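Since this is a predicted model, take the numbers as computed values, not measurements. Quick note: numbers below take in every heavy atom, side chains included, and nothing from hydrogens, waters or symmetry partners.
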Amino acid sequence: MEKVRRTRYRFVGQVQGVGFRWTASRVASSLGLEGWVRNERDGSVTLVLQGTDDRIGAFFSRFAESMHA
């Protein structure tokens with residue numbers, strides 16, 4: 001059984017008003033990841049993911065593809 005870890009990321013730039021949270025939630029859910037995503041007052045977005053290293057790695061690949069589609 002793979003070890004589960006919890007990671008926190010902060011995204012800056014044009015990340016509010018572009019479907020960032022919705023896309024992150026959809027991709028994470030499709031991979032069986034748990035966590036949350038929220039807009040911050042300074043315009044950044046915080047993302048917390050919990051899952052295996054493989055699934056977290058897959059999240060970033062799929063998320064990038066989804067945001068550029």
Side-chain angles (χ1 to χ4, degrees):
M1 180 175 199
E2 286 188 69
K3 187 175 181 179
V4 172
R5 69 181 177 117
R6 185 176 184 98
T7 57
R8 175 183 225 127
Y9 304 92
R10 180 174 174 251
F11 297 87
V12 297
Q14 179 131 8
V15 290
Q16 291 191 20
V18 295
F20 188 98
R21 289 181 303 137
W22 181 84
T23 303
S25 259
R26 183 176 56 84
V27 171
S29 180
S30 76
L31 291 166
L33 293 168
E34 296 184 14
W36 51 266
V37 57
R38 74 174 176 220
N39 290 342
E40 302 294 351
R41 288 183 178 185
D42 65 1
S44 67
V45 172
T46 299
L47 170 68
V48 172
L49 292 173
Q50 182 172 308
T52 63
D53 286 339
D54 288 345
R55 289 184 187 215
I56 290 172
F59 168 85
F60 286 104
S61 297
R62 289 188 192 179
F63 181 72
E65 290 172 8
S66 295
M67 289 301 290
H68 293 295

Identify, with sequence neighbours excluded, every residue that meets side-chain hydrogen bond (donor to acceptor under 3.5 Å, both in side chains) alongside [X].
{"X": "Gln50", "answer": "Arg6"}
{"X": "Ser29", "answer": "none"}
{"X": "Arg41", "answer": "none"}

Determine the minimum heavy-atom distance between [X] and [Y], stating which atoms define it.
{"X": "Gly51", "Y": "Leu33", "value": "CA-CD2, 3.6 Å"}
{"X": "Leu31", "Y": "Ala58", "value": "CD1-C, 3.8 Å"}
{"X": "Gly19", "Y": "Met67", "value": "O-SD, 4.3 Å"}

Which residues satisfy the side-chain contact (heavy atoms from CB on, under 4.5 Å) test with [X], sequence neighbours excluded?
{"X": "Asn39", "answer": "Gln16, Arg21, Val45"}
{"X": "Ser25", "answer": "Val37"}
{"X": "Gln14", "answer": "Val18"}

Any salt bridge (charged side-chain N to carboxylate O under 4.0 Å, His left out) involving [range]? Give me the pairs, sequence neighbours left out, ordered by first then second residue.
{"range": "residues 49-62", "result": "Arg5-Asp53"}
{"range": "residues 31-40", "result": "Arg38-Glu40"}
{"range": "residues 7-19", "result": "Arg10-Asp42"}

Where at least one partner belongs to residues 42-62, residue pairs that pass ring-ring contact (aromatic ring centres under 6.0 Å, His included), sequence neighbours excluded: Tyr9-Phe60, Phe59-Phe63
Remaining members of the apolar cluster that contains Val48, side-chain heavy atoms under 4.5 Å: Trp36
